Amino acid sequence: MDGKSVRMYSCGPTVYNFAHIGNLRTFTFVDLLRRVLAARGYTLNHVMNITDVDDKIIRDATKAGKSLTEFTRHYEAAFLDDIAELRLQQPEKLVRATEHIPDMVSFIEQLMAKGIAYESQGSTYFSINKFPGYGKLSHKDMGGLKSGARVDSDEYDKENASDFVLWKAKKEGEVFWETPIGDGRPGWHIECSCMAMKHLGETLDIHTGGIDLQFPHHENEIAQSEALSGKPFSRFWLHSEHLSVDWTKMSKSLGNIYTLRDLKGMGYTPEALRYLLASVPYRKKLNFTFDGLKAAQTSIERLRNYQLRLETAQFGSGLNAALEERSAQAAKTFDESLDDDLNTAEALAAVFEFVRDTNSAMDAGEFLAGNIAGARQLLAKFDAIFDVLQAKQEAGGISDAEVEQLVAERTAAKKARNFKRSDEIRNQLAELGVILEDTKDGVRWKRK
């Protein structure tokens, strides 16, 4: 780092299907990391790849009778829709593997010139015996390695430490590129090394991804990149842990693989999923349950109701110094928790303890008008990271200004004892997803 900017690379989606909630957990963690770094004053130069050629993509595109581009662009668009729904910030650069084929070929040619890569039956492999540091990220013991053993598949057994493929010789019926190192296509591992170094330089500040990528993918990235440059590839490696469903691994056979589309179809909001995925620190395993998803929505509603109370309730004049100190301490704990390796659980606890305490103070008449600003600042600090407070207005929905206008009309109707019109407006807003609550301080409203 140069003290002002962060060069970060994230392993992005392999676009052969819709992203499931396990994938989305990793991308949510990356979004939280981005936001915290920005809140601390860093400028981000963040690159994420789109893997649009690999074994699974070729298999499924062929099965669907579509070209590689036609097949992958559909799922790439779906991924971008998902991250927009989850309010995940896009990286500064999204880069496709297929748009970097010449760069990959040059990378491989340089490894061959160094004697670290070799050709066999039209394919090119990385010789891990030529890279003494192989295994340092995953701490694997290379003592039992069989010299010359090779693996051709893009993904392979976690214990299979073998020479891995950089360039695959073309196969009948498969997409291929004509290149100086032969007709074929890149292996998966070379794609990320090439794109990361091309766009961010020889040494990154941070490299992120799911824990399942640590070996062999990230181990292979390190080997390729450092063998070529002679420099450390990434200063920090951050891996998001697995997500399970009811403490069971997600699998098609169990029917427990869920996408954002699935959950929305069941009536859950993207904000609820975002909150749930963010609520457990990224280095801890997350167990997804529908009860947990409902609890996430309840937590969001609690915060929204608190925000509404701040905006609409009538408080006595003055400032309660003890509560002002309480808001400052909550903000400090929130920041310190996130600075402690993104401990989101502790950060959330700081906010909810403050909300509980100040709600009690409001009930007792101890929360004063001068305390509103400190409470609002804490909520703003919270939402700059978690981003769930504002309900998303659907296309064709009703604006806040229009809601306020109807609420005012309803209030006037009630004063005129025109209860029929008052009920009509309440029902109209309910159909549009807006719930009214009559309180002693006036009418509050919230979106479902």
Side-chain angles (χ1 to χ4, degrees), residues 1-12 21-48 83 86-89 91-92 136-139 196 200 203-215 217-219 221-222 232-244 273-288 292 296 299 328-354 378 380-388:
M1 297 183 185
D2 60 10
K4 298 178 181 178
S5 62
V6 177
R7 290 171 296 169
M8 182 162 74
Y9 184 86
S10 297
C11 281
I21 56 176
N23 305 136
L24 295 175
R25 187 203 182 180
T26 298
F27 298 126
T28 301
F29 140 64
V30 172
D31 180 71
L32 295 173
L33 177 61
R34 279 183 57 92
R35 289 168 181 261
V36 171
L37 288 170
R40 301 300 177 263
Y42 291 102
T43 300
L44 281 135
N45 184 6
H46 181 198
V47 175
M48 180 184 287
I83 65 173
L86 286 174
R87 309 180 187 192
L88 309 185
Q89 297 176 351
E92 280 62 44
K136 62 185 177 180
L137 178 67
S138 54
H139 305 294
L200 295 172
T203 300
L204 321 176
D205 294 314
I206 301 173
H207 195 308
T208 73
I211 191 64
D212 55 309
L213 300 182
Q214 186 181 67
F215 184 89
H217 185 52
H218 290 165
E219 198 72 71
E221 279 191 61
I222 290 172
F233 179 46
S234 183
R235 293 187 174 93
F236 298 98
W237 290 85
L238 303 183
H239 292 103
S240 177
E241 258 292 356
H242 292 293
L243 177 147
S244 59
L273 179 61
R274 176 184 171 88
Y275 182 96
L276 178 61
L277 296 178
S279 64
V280 176
Y282 75 99
R283 291 190 194 271
K284 293 183 180 293
K285 293 182 180 180
L286 190 157
N287 182 45
F288 173 89
S299 295
Q329 183 57 50
K332 181 173 182 287
T333 302
F334 181 82
D335 284 340
E336 289 175 346
S337 299
L338 293 176
D339 290 344
D340 182 18
D341 199 20
L342 293 184
N343 191 334
T344 50
E346 290 293 333
L348 288 171
V351 172
F352 277 97
E353 287 171 9
F354 174 80
L378 178 63
K381 183 183 285 286
F382 159 83
D383 214 40
I385 307 300
F386 288 89
D387 198 4
V388 294

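Note that the coordinates shown come from a computational prediction; the quantities given were computed from them, not determined experimentally.
Side-chain atoms of Phe382 and Val388, non-hydrogen and from C-beta on, do get closer than 4.5 Å to each other. Using a 4.5 Å cut-off on side-chain heavy atoms (C-beta onward), Tyr9 and Ile206 make no contact.
Considering Leu44, Leu338, Ile385, Thr208 in turn, Thr208 is the only one that fulfils the side-chain contact (heavy atoms from CB on, under 4.5 Å) rule with Leu33. Here the rule is salt bridge (Lys or Arg N to Asp or Glu O under 4.0 Å) with Asp31, and of Arg274, Arg25, Arg87 only Arg274 fits it.
The distance from the CD atom of Gln329 to the NZ atom of Lys332 is 5.5 Å, given to the nearest 0.5 Å. In this structure, Phe233 CZ and Leu200 CG are separated by 8.5 Å, a value rounded to the nearest 0.5 Å. Considering OG of Ser337 and CG of Leu342, their distance stands at 11.0 Å, rounded to 0.5 Å. Distance check, rounded to the nearest 0.5 Å: OH of Tyr42 to CG of Asp205 gives 9.5 Å. Considering OH of Tyr282 and CG of Asn343, their distance stands at 10.5 Å, rounded to 0.5 Å. To the nearest 0.5 Å, atom CG of residue Asp339 and atom CZ of residue Phe334 are 10.0 Å apart.
Here the shortest heavy-atom pairing between Leu276 and Leu286 reads O-CD1, 3.6 Å. When all heavy atoms of Lys136 and Ile222 are compared, the pair lying nearest together is CE-CG2, 3.6 Å. Of all non-hydrogen atoms in Ser138 and Phe215, the two that sit nearest each other are OG-CD1, 3.6 Å. In terms of heavy atoms, Thr26 sits closest to Gly209 at CG2-C, 3.8 Å. What you find for Met48 and Pro91 is that their closest heavy atoms are CB-CG, 3.6 Å. When all heavy atoms of Cys11 and Leu213 are compared, the closest pair comes out as CB-CD1, 3.6 Å.
Aromatic ring orientation, Trp237 versus His207: parallel (interplanar angle below 30°, classes split at 30° and 60°).
Using a cutoff of 4.0 Å between basic side-chain nitrogens and carboxylate oxygens, Arg35 and Asp387 are scored as salt-bridged. Arg283 and Asp341 are joined by a salt bridge, as a carboxylate oxygen and a charged side-chain nitrogen come within less than 4.0 angstrom of each other. Ion pair Arg34/Glu92 flagged as a salt bridge, since at least one NZ, NE, NH1 or NH2 atom sits closer than 4.0 Å to an Asp/Glu carboxylate oxygen.
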Leu378/Phe354 under side chain to side chain contact (heavy atoms under 4.5 Å, CB included): CA gap, chis, key distance, verdict: CA-CA 9 Å; Leu378 178 63; Phe354 174 80; 3.3 Å; yes

Side chain to side chain contact (heavy atoms under 4.5 Å, CB included) between Gln214 and Leu137: does it pass, once the steps are laid out? CA-CA 7 Å; Gln214 186 181 67; Leu137 178 67; 4.0 Å; yes

Candidate pair Glu241 and Ile211, rule side chain to side chain contact (heavy atoms under 4.5 Å, CB included), full reasoning: CA-CA 5 Å; Glu241 258 292 356; Ile211 191 64; 3.7 Å; yes

Check against side chain to side chain contact (heavy atoms under 4.5 Å, CB included), Lys285 and Ser244: CA-CA 8 Å; Lys285 293 182 180 180; Ser244 59; 6.0 Å; no

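Formation of a donor-acceptor pair under 3.5 Å by the Asp212 side chain with backbone atoms of His242 is not found in this model. Formation of a donor-acceptor pair under 3.5 Å by the Ser234 side chain with backbone atoms of Phe236 is found in this model. A donor-acceptor contact shorter than 3.5 Å is absent between the side chain of Arg7 and the backbone of Leu204.
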Only distances under 3.5 Å count here; give the side-chain donor-acceptor pairs of residues 344-353 to other protein atoms, sequence neighbours excluded, each with its distance to 0.1 Å.
from   : atom 1 : to     : atom 2 : distance (Å)
Thr344 : OG1    : Ala278 : O      : 2.7

